[in-house]
Engineer: 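I'd like to ask some things about the structure below.
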There are 4 protein chains.
Amino acid sequence: MIKVGVIGAGGYAGVNLISLLLSHPETKLVWVMSEEAHKGRKMSELFPHLTSICEMPCKTLDEIEKCAKEVDVVFLALPHGIALNYVPQILKSGAKVVDLGADYRFSDEKVFEKWYQVEHKDKGAVAEAVFGLPELYKKDIKKARLIGNPGCYPTATILGTAPLVKEGLIDPASIIVDAKSGVSGAGRGVKLITLYCERNEGVMAYAVTNHRHMGEIDFQLGRVAGGNIQTTFVPHLIPQTRGILSTIYAKLKKPAKTADLMKLYENFYRGQPFVRIYPTPSTKNVSFTNYCDIGVAVNEATKTVIVTSAIDNLIKGAAGQAIQNMNLIFGLDETTGLNQIGVFP
Amino acid sequence: MIKVGVIGAGGYAGVNLISLLLSHPETKLVWVMSEEAHKGRKMSELFPHLTSICEMPCKTLDEIEKCAKEVDVVFLALPHGIALNYVPQILKSGAKVVDLGADYRFSDEKVFEKWYQVEHKDKGAVAEAVFGLPELYKKDIKKARLIGNPGCYPTATILGTAPLVKEGLIDPASIIVDAKSGVSGAGRGVKLITLYCERNEGVMAYAVTNHRHMGEIDFQLGRVAGGNIQTTFVPHLIPQTRGILSTIYAKLKKPAKTADLMKLYENFYRGQPFVRIYPTPSTKNVSFTNYCDIGVAVNEATKTVIVTSAIDNLIKGAAGQAIQNMNLIFGLDETTGLNQIGVFP
Amino acid sequence: MIKVGVIGAGGYAGVNLISLLLSHPETKLVWVMSEEAHKGRKMSELFPHLTSICEMPCKTLDEIEKCAKEVDVVFLALPHGIALNYVPQILKSGAKVVDLGADYRFSDEKVFEKWYQVEHKDKGAVAEAVFGLPELYKKDIKKARLIGNPGCYPTATILGTAPLVKEGLIDPASIIVDAKSGVSGAGRGVKLITLYCERNEGVMAYAVTNHRHMGEIDFQLGRVAGGNIQTTFVPHLIPQTRGILSTIYAKLKKPAKTADLMKLYENFYRGQPFVRIYPTPSTKNVSFTNYCDIGVAVNEATKTVIVTSAIDNLIKGAAGQAIQNMNLIFGLDETTGLNQIGVFP
Amino acid sequence: MIKVGVIGAGGYAGVNLISLLLSHPETKLVWVMSEEAHKGRKMSELFPHLTSICEMPCKTLDEIEKCAKEVDVVFLALPHGIALNYVPQILKSGAKVVDLGADYRFSDEKVFEKWYQVEHKDKGAVAEAVFGLPELYKKDIKKARLIGNPGCYPTATILGTAPLVKEGLIDPASIIVDAKSGVSGAGRGVKLITLYCERNEGVMAYAVTNHRHMGEIDFQLGRVAGGNIQTTFVPHLIPQTRGILSTIYAKLKKPAKTADLMKLYENFYRGQPFVRIYPTPSTKNVSFTNYCDIGVAVNEATKTVIVTSAIDNLIKGAAGQAIQNMNLIFGLDETTGLNQIGVFP
C-alpha cells in the first residue's frame, strides 16, 4: 500500500483527492492537512458527505516535517506560491510530491514569475519537476519524484489542441480558446462572485486578456509545437458546479475533412485510457470521471477547425489526474482507482 | 459471477443500474432491453457518457423468453402494470427478479389495484414477493426470488418514520410527509413539466392528495406499526436533478428530547451500512451513493418530532437498492459494488 | 412626487426597492445609503445591471440627520437591531418610515427580545408601528407613519393560513409550516452556505426548531386568531435564486371539501389585488411580481387541509410589499408601480 | 391605441410578447392565436402566471382572415416556413406585420432557401421586408409594413460585431463567434435535449458547422461590411433559462488599445437607448430587459479583439425587439413599453 498525505484538505480539489484515495485499492491515507482554522476538525465536519467515511482530524502545516516522513507521497492542493515553501522539505524526507497548484508547472521559473507576479523561491526544483499530463509525458512521469499537476483549463485545452499543433496542421497564431467553466473552479473560499445568486442565470467572460492559465497553455503548447505559441484564451463562468468545456478554434494550413481529423485524434490518443473521441461532448458525460472527451469538426467554408474538449475540472482537471500521475510514479496501471463509471443524469 | 439482464435500459433508473452493475465485482451484464424505438441501438448511443464503457445493443421484450434463460437475475425498470406480464415467465426460467416498478410492492393486490387503477394480472406472485427494503426485511430478502423494490419517496419516508412508528412514540394519525424531489424522479420521457425552462426557479407541490406513493407508504408503514396508518403525503418538485428530501412531522405521545431521538435512530439502524444519522442532512451529501441520511429534532413547544431523510432517488431510491437486494439474495455482503464515496460538490 | 431615501442599498432587498422605485410613477429617489465600504461608490458599480439607470453614489448612515430632512419616506433594509438606532431620528424629521427588518414587526418588544436575543432600544415606537401586511391591516397602514414590513416567510405563511385561522376551521395546535426558500433570502453577504457549489443539487432544512420567523408567524397569526398560536415552522433551502413556497398543513375541525375552501379563500381575499387563488402555485408564476398565489386542498382521509402559498421573497416578501405600504400611507392606489407582469419562463 | 394580434401565443416568444404588450401604454391586445391543441383554451391555462392578467382564449389560424381586419399589427412567432403562408393575407387586410421567425430576414430568398432547405413561397414580399435591427436600420423600419425580426443569436452577434466591420478594423475572414445560449432558445416544444435533467450541469456545442443563424449573421454582416462575410459560428447550450452571450473574436488589421475600441463602440451606439458599453457583461445584467450589453477588449499579444455581447434572448432577441420595431413603425418613441428595469439577482 502506498502511504499518502494530502495538504489542502479543506478545498474542493482536496476533498476530491481524499474521496478518490479512500476508494483506491493501493493507497492508505495517513494524514490530511488544512488551514489553521480547521486544525483538529474532522473531515466529516468540514464535509458532511464524508460522515462515517472519513473521520480523520485535520493537521496543519506546522507538522509537515514529522508528517512527511510517514508517507510515500504528498499531494498539495494550495493556492500558488505556498507549496514551494514546503516541497523541498518533503522531497528531502524521501516522499514523492504531486503539486496541484501552479508552482511547478513551468520548467522555466521566469515564466511562472511573469504570470504569477511573485518570486519563485524554489528555483532549483523547477527544472526537475515534470508537467503531469500523462497523455503527453508518461515516460517522464514514471521516473519523476516531483510533479506539477496541470491546471484545469490547460488540461482540457492542451489535450484538445496537441494533435493539431504536433502535426503542424494549423496556423499557431490563429488559436483561440473559448473556455467555459463551472463555478467549483473558483474554489471553496467565500467570494461575492461565487455566490449562488450571483452566478445563477448568468454567463460571463472574466480575465479576458490575462488569465494565468493562458501562460501555462502557451508554455506547454509551445513545448508540443517545438516553438513559440501565443493563444487567445478567454475563460467564462457558467451556472453549473462542475465541468470545463474548452472550444478551440484554429485556421487549417491545408483543407481537411471532419472525418480525417476525427481519425487523427483517435490515432493520436490510441491507448490512452482516459481520452474518448466523439462529436460534441458535454461536460455532463465526464462528470465525476477522469475522462477527457474530445470532438473535432471542420468548417470548410472558413477553413477553421473547431475542437470541443470536456473534462470534470475537479477530476481530470485536478484530483483524478494527480492520482493518475501517482499511479505512474509507483508503477501501477494508470487507471487504478480511477475507473469510476459516470452516473447520469 | 452473477449473470444479469436489465429491462428498461433506456430510462434513468435503468442506466443507473447498468453503471452500477458494470463496476460491481461479482456481476456480469449479459443483456440489456429497452423499448421498440431503441432496438439494436447501443447503450453508448442512448447515453454518450457510456462511450467505450458499454457498447451493448438494446434488445426488446419479444426476446425475453430466450434471454431469461441466460441469466441468474433480471432487473425490470418499467412503468407500473407492464412488469407483471413478464415476471411469471422469467421466474419460470429460474432467474430471480428484482422489479423496480410498483407491481410487486403490495402483498395485497387489492391495494395495488386501488392506487393504480388497473387490474393486477399476476395475483399469485404478489403474496410471494418481498418488499425490498433491506433495513427492515433483510431476512426475507435473502430467501426471496421476487423483490418488489420500493419507490423513491417510500424509501426515504419509511426509513425516516419507521423507528417512531415501531416504538409507538407518535400519534399515527398525525404523520405529515412533505417530500421534495429532483426532476429525475419523473423519468426520461419527454413532458412539458420536466423541461428545463419549466422547472428552473420553480418549486411547486403536485398530486397533493393522491400521489400513488402515498398508498405504498401507508401500506408499508402499517406493516411496521402492526396497524392501520394513513399519512398526509405531499410531493414537491424542486429545481435539481437528483435527490429526495422527505421532511416528516408527527405529534409525540410523550415529551422527548432531540438527543434521545437521535440515539433511538442510531440504535434502530445500528449495523445498517447505508443509514447515517446526523442533524439536517442535505441531498447533496448522498448524491451518487446508496446512503439514506436521517436527522431528527423535537420542537418541544409543539410536541412535534421533525425528521429529515435524504436519499439519491436513483440510487437508494431505485438502482442502488435493487443491487443491495440482489446482493442479499445471492449471499453477498450487501454493500458489494455499492461503496461509492460521494464526490463533492 | 414622493421623495424617497433607501438605506441598505447594497443588499438584495435594497436593490429591488431601488429598481421598483425608479419605475414608480409617483416617487423620486433622492438618495441611497449603504455600508461604509460602499461609500461614494455608484449603484451601477455595485450592480452593473443598473448601468445607465442608476449612477447615484452611496451615502452612509453618518449623514442620516441631514438626509432624512430631504425626503418624505425612508426605507430601511438592514439586519435586525440596527434600524432601531435611526428610526426615532428619521421620524422626528417628519419622514415616514418603512422598515424591512425585524425591529418593528412586534407590537410587544418582549417578543422581539425573546426571538432576537437583543434588547430593544426603541421601545416607545414599537406600539405605534403597524405590521405592514396590507391584506390584513390596510386601514391601519393608511394612517401609519412607521411600518414594520413583514418577513418573507411570514408573508407567504400568514397569507396562506389567515383564512383558516380567522374562520376557526382548524385546530391551531396542529399547524405545520414546511417552507422552501430560494437562496436570495440569505442575502448578499458572502457565506459558505450561500456559495453556488454548496447549494446546487442540495435541498436541506435549517434552523429546524428555532428560526426567528417562527416567532413572527406565531405572534401575528395569534392576533388573527385572537388567541395563542404556536406553529411548527421548518424552513428549507432549495437551489433557486428567488421564491418562497410555504406548504401549510392543519387538521380540520369539521370535514370540508377542497372546493369549499377554495371558495372561502376567494372570498377572504376578494378585492385584494395581489392575491390569486388556484391549485398548486409555483414560485415561477410569481417571480418578479408582488403576487401571493395560494392553492388549497383537503386530504379527506386524514382530515388535513393543505395550503401552498407562493411569493417572490424579494418582492411581495420584501421590496414590493414595502412599496405597497408606502402607496397606502400616501393615499395612492396600492398597486401603483407594482403592476409588473411576470415574464416566463 | 394600437390594436394588436399575436400568433404563436403558446410558445416562449409569444408569451413574452403578450406580457410586454399587456403593459405597453399604447397597445390593446385584441386576440391571440396558437396551435390547434390550444384552441379555445385560455392563456392563463397555458401559462398560470397570467392568471387574472390574461384570460383571453386562443384562436387558431383558420380565423386569420377575419382577425387580421380587427387589428393594426400582427406579430407572428412561428417556426420557419409557416408565417410566409399567412403574411400576404395579413398585409392585404391593411395590418402591419412583425414576423419573429426566419421567413423575412433575408432580402434574397435564395439565401433563405439555402439555409432552411425549403422553397420560399412568398418571394415577392422578401425584398420589401425590412430587417428589424433598429440600431442599424431605424430609418427603414419606420417606413416598413413588414419586418423580419432578427434571430436571437444574430441580434447579439451583429450588434457586437457591426462597429468593427463597419469601420474596417478587422480581417473579415478571421471572425469567430462562440455563442452561449440558455435553454429557452430551443422553445417550449417537448424534446429530450431540453429536459431539465439532460441540460443541468452540461455545457455542450451543437450544430457546430451548420446552424441556420450563421446564414443570417453572414448575410447581415455582409450588408454592414458592404462585402462578403463568412464567420465561424458555434452555438452552445448552457444550463440557464434565459440569455445569450456571444463572444466574438477577430484579428485586428492594425494594433489598437482596449480603451480606443471601448470609445469606438460608445460612439457607434451613441443615442441608441438599448445598447450599453462596459467591460465583461453578464446575461444576468440584461435579464428581462431589452438591453444589449457589450464589452470590448484587445489581446495585444495576439492582435485579437474580443467582444462579449449579452442579451435576453426572449426580449432583445425576440419579443422586446419586435415591440421596439412596432414602436418605430407607429411613430412612438422606440422605448415605449420597454423601459423595464432589470431586477437582480
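Protein chains get the first letters and strands the later ones, always in sequence-line order, with residue 1 at the start of each. Treat the numbers as computed from the prediction; the structure is a model and nothing was measured.
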Engineer: Considering only heavy atoms and a distance below 4.5 Å, find which of B:S174, B:A301, B:G243, B:P279 pairs most often with chain C.
Structural biologist: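 Top option by heavy-atom pairs under 4.5 Å: B:A301.
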Engineer: Tell me, for C:T280 versus chain B, whether the close heavy atoms (under 4.5 Å) come from the side chain, the backbone, both or neither.
Structural biologist: both
Engineer: Do you know the tightest heavy-atom contact between B:I238 and C:I238?
Structural biologist: CG2-CG2, 4.0 Å
Engineer: What donor-acceptor contacts under 3.5 angstrom involve side-chain atoms of residues 197-209 of chain B, with partners at least two apart or in another chain?
Structural biologist:
residue: B:E198; atom: OE1; partner: D:R188; partner atom: NH2; Å: 3.0
residue: B:E198; atom: OE2; partner: D:Y12; partner atom: OH; Å: 2.6
residue: B:E198; atom: OE2; partner: D:R188; partner atom: NE; Å: 2.8
residue: B:E198; atom: OE2; partner: D:R188; partner atom: NH2; Å: 3.4
residue: B:R199; atom: NH1; partner: B:I193; partner atom: O; Å: 3.1
residue: B:N200; atom: ND2; partner: A:E201; partner atom: OE2; Å: 3.1
residue: B:N200; atom: ND2; partner: D:T241; partner atom: OG1; Å: 2.8
residue: B:E201; atom: OE1; partner: C:T241; partner atom: N; Å: 3.4
residue: B:E201; atom: OE1; partner: C:R242; partner atom: N; Å: 3.0
residue: B:E201; atom: OE2; partner: A:N200; partner atom: ND2; Å: 3.1
residue: B:E201; atom: OE2; partner: C:T241; partner atom: N; Å: 2.5
residue: B:Y206; atom: OH; partner: B:Y153; partner atom: OH; Å: 2.8

Engineer: Against chain B, label C:V286 side chain, backbone, both or neither, depending on which of its atoms sit under 4.5 Å from a heavy atom there.
Structural biologist: neither
Engineer: Would you say B:K191 has more than 12 foreign heavy atoms packed within less than 6.0 Å of its NZ?
Structural biologist: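 Counting neighbours around NZ of B:K191, more than 12 heavy atoms of other residues, nucleotides or ligands fall under 6.0 Å, so yes.
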Engineer: Which region of C:K303, side chain (C-beta onward) or backbone (N, CA, C, O), has a non-hydrogen atom less than 4.5 Å from a non-hydrogen atom of chain B, or is it both or neither?
Structural biologist: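 Contact with chain B is absent: no heavy atom of C:K303 under 4.5 Å.
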Engineer: Just so I understand: if I count every heavy-atom pair under 4.5 Å between each of C:N210, C:T308, C:T247, C:L195 and chain B, which residue has the most?
Structural biologist: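 Sorted descending by pairs with chain B, the first entry is C:T247.
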Engineer: Just checking B:K253: does its NZ atom have more than 12 heavy atoms from other residues, nucleotides or ligands closer to it than 6.0 angstrom?
Structural biologist: yes
Engineer: Counting heavy-atom pairs under 4.5 Å to chain B, which of C:G182, C:A297, C:S282 comes out on top?
Structural biologist: C:S282
Engineer: Given a strict heavy-atom distance threshold of 4.5 Å, which part of B:P239 is in contact with chain C: side chain, backbone, both, or neither?
Structural biologist: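 Both backbone and side chain of B:P239 come within 4.5 Å of chain C.
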Engineer: State, yes or no, whether a side-chain contact exists between C:H236 and B:D178 at a heavy-atom distance under 4.5 Å.
Structural biologist: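 The answer is no; the side chains never approach within 4.5 Å.
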Engineer: Counting only non-hydrogen atoms closer than 4.5 Å, does C:T258 touch chain B with its backbone (N, CA, C, O), its side chain (CB onward), both, or neither?
Structural biologist: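 Looking at C:T258, nothing touches chain B.
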Engineer: List for me each residue that meets ring pair (Phe, Tyr, Trp, His ring centres under 6.0 Å) alongside B:F219, sequence neighbours excluded, and say none if there are none.
Structural biologist: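 For B:F219, the residues satisfying ring pair (Phe, Tyr, Trp, His ring centres under 6.0 Å) (neighbours in sequence not counted) are B:F106.
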Engineer: Tell me, for B:T232 versus chain C, whether the close heavy atoms (under 4.5 Å) come from the side chain, the backbone, both or neither.
Structural biologist: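 Interface part for B:T232: both.
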Engineer: In Å and rounded to the nearest 0.5 Å, what is the OG1 to CD1 distance from C:T302 to B:I175?
Structural biologist: 11.0 Å
